[in-house]
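From a predicted model like this one, the values you see are computed outputs, not experimental measurements.
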Amino acid sequence: MIEQGVVIKNKGKYSEVRIERNSACGSCGKCGMTEKQKHADFFVENACNAVVGDIVELDIPEGNSAKLAFVAYIIPLIPSLILLCLSVVFKWKEWLTITLFFVGLAVGFAMIALIDKLHKRKWTTSPTMKSVIKLNQNEDNILKGENENE
């Protein structure tokens, strides 16, 4: 999916790009924007040397939603279901079975937090900056001034 956004901040070789919701925007979730959000911010490598205020074109990869849903909903259930099955096989008391299920959920979410930290929060393929569509007004004037001086 190709989207246009405005560079709102540069930090090192990365830029923060803000994409506003437009009239054609649905609720597919590919960009991570919910129906109530007016914009989404992305941190992308500044491959086009864009400056703050430039309008840039971003390529947002598809398929991120399914991967994030798996991580958020399925992985925490794995230790819960293992503990639940163990408690059923060993015929432990109901209160212990329920308690172990919730302990398993807590362990699952702790695993996700640890993996997230080790994975450096890169669960999905990052958007890439394709091109600068329009330079910000100040830079545009500077370029015009340089061309006039030549």
Inset, instruction - Could you tell me which residues satisfy side chain to side chain contact (heavy atoms under 4.5 Å, CB included) with Val132, sequence neighbours excluded, listed by chain and number? - result: Cys48, Ala50, Asp54, Val56, Leu135

Inset, instruction - For residues Gly104 and Ser80, report the shortest heavy-atom separation together with the two atoms involved. - result: C-OG, 3.1 Å

Legend entry - Connected hydrophobic set around Tyr73, excluding itself, where side chains approach under 4.5 Å: none

Inset, instruction - Would you name the heavy atoms of His39 and Glu20 that are closest together and state the gap between them? - result: CB-OE1, 3.8 Å

Legend entry - Closest approach of Met129 to Val17 (non-hydrogen atoms, all atoms of both residues): CE-CG2, 4.3 Å

Legend entry - Pairs touching residues 97-115 that satisfy side chain to side chain donor-acceptor pair (under 3.5 Å), sequence neighbours left out: Ser87-Thr97

Inset, instruction - Output all residues satisfying side chain to side chain contact (heavy atoms under 4.5 Å, CB included) with Phe90, sequence neighbours left out; order by chain, then residue number. - result: Leu86, Trp92

Inset, instruction - With rounding to the nearest 0.5 Å, note down the distance linking CD1 in Ile133 to CD1 in Ile55. - result: 7.0 Å

Inset, instruction - Look at the side-chain heavy atoms of Ile, Leu, Val, Met, Phe, Trp and Tyr, link any pair under 4.5 Å apart, and say whether Leu83 and Leu96 land in one connected group. - result: yes

Legend entry - Ser15 to Asn46 - nearest heavy-atom pair and separation: OG-ND2, 3.0 Å

Inset, instruction - Start with the C-alpha gap between Val7 and Val51, add the side-chain angles, then the distance that decides, and say whether side chain to side chain contact (heavy atoms under 4.5 Å, CB included) holds. - result: CA-CA 7 Å; Val7 177; Val51 296; over 6 Å; no

Legend entry - Interatomic spacing from CD in Glu16 to CG in Asp41 - rounded to 0.5 Å: 4.5 Å

Inset, instruction - Measure the CG-CD distance between Leu58 and Glu3 for me, rounded to the nearest 0.5 Å. - result: 8.5 Å

Legend entry - Remaining members of the apolar cluster that contains Leu84, side-chain heavy atoms under 4.5 Å: Leu77, Leu81, Ile98, Phe101, Phe102, Leu105, Phe109

Inset, instruction - Would you kindly confirm whether Met111 and Val103 end up in one hydrophobic cluster when ILVMFWY residues are joined by side chain heavy atoms under 4.5 Å apart? - result: yes

Inset, instruction - Run through the side-chain heavy atoms of Ile, Leu, Val, Met, Phe, Trp and Tyr, join any pair under 4.5 Å, and report what else lands in Val89's cluster. - result: none

Legend entry - Shortest non-hydrogen contact between Val44 and Pro127, atoms and distance: CG1-O, 3.4 Å

Legend entry - Between CG on residue Leu100 and CD1 on residue Ile82, distance to nearest 0.5 Å: 12.5 Å

